[in-house]
Structures are given as structure tokens and as C-alpha cells.
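One structure is given here, and the rest of the page talks about it.
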Amino acid sequence: MKKGNEDIYQKRINRQYLTLVFTLVFVVTTLIAGSLYFRFYRAGITGKAEGNEYEQYYVMITDNYKSDFWQSVYRSALEFAKENNIYVDLLGENLSGDYSCEELMRIAIASKVDGIIVYASEAVSMTNLIDEAVRSGIPVVTLYGDSTHSDRISFVGVGGYSVGKLYGKQIVRIIKENRRQELLESETIGDRTKIQIAALANSDTLDAGQNIIISSMQDTIRQENATDSEFEVSIVTVDNTNTFSVEESIRDIFMQKDVPDVIVCLNEQSTVCAYQAVVDYNMVGDVNVLGYYDSEEIIKAIDRGVIFATISIDTDQLGTYSIQALMDYYEYGNTSEYYTADITLIDKDNVYEFKKQEEQDE
């Protein structure tokens with residue numbers, strides 16, 4: 001009986017070992033195949049634009065190349081790059097399957113591109129990959145998300161302190177409106193309630209920028225004479241593995257007994273999911289969404305009063321600065337360590353002017 005149990009145990013170990021081997025082989029084969037495909041793809045595009053070969057070839061790596069935000073950044077980068085006889089690819093668009101930023105970094109390094117622009121994080125794995133690329137002679141620019149301990153040549157992003165300040169000022173507006181309402185309705189000061197604020201943070205991102213935004217937001221609220229008894233900020237972790245998981249994480253907020261009065265979104269995807277949940281749960285006017293980015297969908301939601309306000313980021317600057325940083329590095333041997341894109345608040349007071357300006361630009 002004992003020998004029979006040992007045989008069963010050994011077979012189970014063998015199966016697990018084989019599964020592990022097959023998994024490793026599959027991952028390595030996928031990366032090699034992606035790298036080889038990408039090399040052929042790269043060779044095919046170097047002769048574009050009426051036979052004019054591009055002098056350099058860069059890649060941009062993001063966590064979600066399909067989003068309006070990243071598509072806008074990429075279009076600006078591509079346009080500016082072409083003006084300087086450079087081609088930049090949004091890596092992942094032309095590859096079958098879904099790849100993480102780390103996997104795309106490995107493909108870019110193996111393909112020996114001339115420059116990498118990557119949405120990074122403070123994860124050790126990302127830091128190591130950036131350092132590996134630099135050791136291989138590939139300069140790396142971190143975009144929107146930084147890896148401060150890596151050998152990247154420059155970071156292109158937005159000022160987290162400024163973003164938090166804009167959010168804070170909008171929350172103060174909400175608090176003041178709540179004050180006025182409760183002065184009319186509450187008989188005593190004890191009847192007043194705290195404004196509950198939920199800041200949505202990605203679960204897979206070790207991003208100091210998120211902490212800066214939230215800290216700046218809280219400081220701004222206090223500086224505007226709002227007391228701790230009037231507001232409370234909590235950080236809600238959002239599973240951003242995919243769109244469905246983001247939706248589920250945000251819907252869980254609305255399934256709770258006490259739904260926050262204000263939801264602060266730190267990216268485009270969370271903004272869209274949050275305002276859709278507000279509509280689905282019939283809480284328009286009860287929950288104030290502070291959004292991020294200015295896609296057509298988000299602007300319409302502000303116009304309809306579903307989103308309280310959003311922060312518009314100059315994606316043209318993000319794309320252009322990323323290419324400029326790499327160009328400066330190749331030309332001068334160094335570049336500015338930080339590039340900061342402009343931000344603008346859009347709310348019900350200026351959304352009409354914003355839409356009008358957008359139509360004129362088109």
C-alpha cells in the first residue's frame with residue numbers, strides 16, 4: 001500500500017514538473033517568436049515613405065495601446081518623429097496576443113531597436129529591464145509612469161502635485177456646496193456628515209506618482225480651510241488586469257452600504273467605468289466623479305452632468321517630448337532628466353469652450 005502511494009506521489013510530481021517545463025518552453029518560444037516577427041516587421045517599415053529610409057527606429061510600450069489616451073500620445077510622437085526622419089512603433093499593435101509591458105520590453109531589447117519609450121513603474125523587474133536595455137546600447141525614456149531607480153535617460157509625464165492640487169480644489173467646491181446644503185437642512189452642527197472621498201489606485205502599479213497626487217489633493221483641501229471633520233479620503237485598489245476586472249472593482253464600490261460622495265479616478269479607463277456605474281446605479285447627482293483625460297466620451301459625460309470635472313493632459317506634448325528626449329540624447333549625448341506636459345481642468349463651466357476649441361482644431 002505504501003509503495004502504491006509513493007508511485008502515485010511520484011507520478012504527480014512528474015506531471016507538475018512536465019507542466020512547469022512546458023510552461024517555460026511556451027513562454028520562451030512566445031518571446032522568441034515575437035522578437036523574430038518584430039525584426040521582420042521592422043525591416044519592412046524602414047523603407048516606407050516613398051522609398052525614404054528612416055534614420056532611426058523607436059518603439060513605444062504602454063499598458064493599454066487601445067485606449068484613446070495612448071493612441072493620442074502615439075499619434076503625436078509618430079508625427080513628430082517622421083518630421084525628423086525617425087519611425088516610432090506602438091509595440092503590441094502588430095503582435096498577436098496580449099503582452100505585458102515587461103514582455104514587450106524583452107522583445108524590444110532582443111530586436112535591438114534604436115530607442116524605447118515605455119510606460120514604466122517602480123517594480124524591480126521593470127527597473128532591471130530598463131537597465132538591461134541601456135547596457136545593450138538602447139536609450140530608454142520613461143513615459144507617464146517612472147522608474148526612478150533605473151538608468152533611464154529621461155522621464156516624460158505630468159506633475160503629480162499639480163494634478164492633486166486641481167483635484168483638491170474641486171473637492172473643496174463640493175465640500176462648500178455640502179456646507180450650504182446642510183446649513184439649510186441641519187438643525188445642529190452634529191448633524192453634519194463627512195464627505196467620503198475614494199481615490200482609485202491601480203493594483204499592479206508601484207507608482208510614486210499616485211501617492212503624490214493623493215497627498216497633494218489632501219493638502220490642498222486642508223489649505224482651503226476644510227477641516228478633517230468635513231472629509232475623509234480612502235484609497236481603493238482597482239484590479240486593472242483587464243477592462244472587465246476594472247469594471248468589477250468599481251462596481252464593488254457601488255454595492256457597498258455607504259457609497260463614496262466623490263470618486264477620484266487616476267486614469268482614463270477608471271473614469272469611464274466609474275461614470276458608467278454612476279448611471280447604471282442611478283446615482284447621478286449623488287456621486288461626484290473627478291475624471292482623468294478628455295476623450296469624447298468623458299467630455300459628453302461632463303456636458304450631461306454625470307462627471308463633475310476631468311483633467312485634460314496635453315498628449316501632443318507627451319508624444320513630442322518623448323521623441324525629443326531621444327533625439328537630444330543621440331545628438332548631444334545627454335538630455336533633460338524631466339519633461340512635464342501641461343494639464344487643464346475641464347468642468348461644466350468651461351466644457352462648452354473646450355468642445356468649441358476642439359472643433360476648430362479639427
Side-chain angles (χ1 to χ4, degrees), residues 38 42 54-65 67 69-93 99-160 205-209 212 267 313-343:
F38 196 64
R42 176 186 176 183
Y54 294 103
E55 292 180 0
Q56 290 182 312
Y57 180 75
Y58 304 155
V59 294
M60 181 179 289
I61 296 171
T62 74
D63 63 331
N64 181 11
Y65 67 84
S67 74
F69 174 77
W70 285 120
Q71 285 290 328
S72 180
V73 174
Y74 171 63
R75 283 194 298 270
S76 300
L78 179 61
E79 182 179 349
F80 184 68
K82 283 184 173 182
E83 291 173 1
N84 292 277
N85 209 23
I86 299 167
Y87 195 86
V88 58
D89 227 330
L90 185 55
L91 193 55
E93 271 193 322
Y99 293 84
S100 67
C101 289
E102 285 81 2
E103 289 171 332
L104 292 174
M105 278 290 292
R106 293 188 182 96
I107 291 174
I109 293 168
S111 302
K112 301 186 184 302
V113 298
D114 297 308
I116 297 174
I117 302 164
V118 60
Y119 170 63
S121 72
E122 298 292 355
V124 174
S125 57
M126 176 58 74
T127 298
N128 292 338
L129 284 167
I130 292 173
D131 292 349
E132 180 184 343
V134 174
R135 286 196 301 270
S136 301
I138 305 172
V140 178
V141 171
T142 53
L143 174 62
Y144 192 62
D146 198 10
S147 177
T148 54
H149 300 292
S150 71
D151 292 330
R152 51 96 167 125
I153 62 168
S154 184
F155 167 61
V156 178
V158 296
T205 301
L206 298 171
D207 184 3
I212 292 172
N267 58 52
I313 302 166
D314 194 324
T315 52
D316 288 344
Q317 289 182 348
L318 287 178
T320 301
Y321 290 162
S322 300
I323 302 300
Q324 188 66 60
L326 289 169
M327 287 172 54
D328 287 349
Y329 179 80
Y330 273 108
E331 185 171 354
Y332 305 112
N334 57 64
T335 185
S336 176
E337 189 174 357
Y338 297 101
Y339 290 84
T340 305
D342 296 334
I343 58 174

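One-based numbering along the sequence shown. Everything numeric here is computed off the predicted structure, so don't read it as measured data.
The side chain to side chain contact (heavy atoms under 4.5 Å, CB included) test applied to Glu331 returns no partner, not counting sequence neighbours. For Tyr329, the side chain to side chain contact (heavy atoms under 4.5 Å, CB included) partners are Pro139, Ile153, not counting sequence neighbours. Residues satisfying the salt bridge (Lys or Arg N to Asp or Glu O under 4.0 Å) test with Glu337, not counting sequence neighbours, are Arg152. Legend: residues meeting side chain to side chain contact (heavy atoms under 4.5 Å, CB included) with Asp342, ordered by chain and number and at least two apart, are Asp314, Gln317. Partners of Tyr321 according to the side chain to side chain donor-acceptor pair (under 3.5 Å) rule, which considers only residues two or more places apart in sequence or in another chain, do not exist here.
Note on ring orientation: taking the six-membered ring where Trp is involved, the planes of Phe155 and Tyr338 are perpendicular (angle over 60°, cut-offs 30° and 60°). Using bins of under 30°, 30° to 60° and over 60° for the plane-to-plane angle, the ring pair Phe69/Tyr144 lands in the tilted bin.
Partner of Ile86 under the side-chain contact (heavy atoms from CB on, under 4.5 Å) criterion, chosen from Tyr57, Tyr58, Tyr330, Tyr54: Tyr58. Checked against Val73 for a side-chain contact (heavy atoms from CB on, under 4.5 Å), the options Leu143, Val156, Asp316 give a single hit: Leu143.
Side-chain atoms of Gln56 never come within 3.5 Å of backbone atoms of Tyr87 as a donor-acceptor pair (strictly under, hydrogens ignored).
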Are Val118 and Met126 close enough, and set up right, to give a side-chain contact (heavy atoms from CB on, under 4.5 Å), and what steps lead you there?
CA-CA 10 Å; Val118 60; Met126 176 58 74; 4.1 Å; yes
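At least one side-chain heavy atom of Tyr74 sits under 4.5 Å from a side-chain heavy atom of Asp89. Side-chain contact check for Phe80 versus Met327: some heavy-atom pair is nearer than 4.5 Å.
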Throw together a table of side-chain donor-acceptor distances under 3.5 angstrom for residues 129-138, partners on residues two or more places apart or in other chains.
| residue | atom | partner | partner atom | Å |
| --- | --- | --- | --- | --- |
| Asp131 | OD1 | Asp151 | N | 2.8 |
| Ser136 | OG | Glu132 | O | 2.9 |

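Taking all atoms of both residues into account, the shortest heavy-atom contact from Ala108 to Ile116 is CB-CD1, 3.8 Å.
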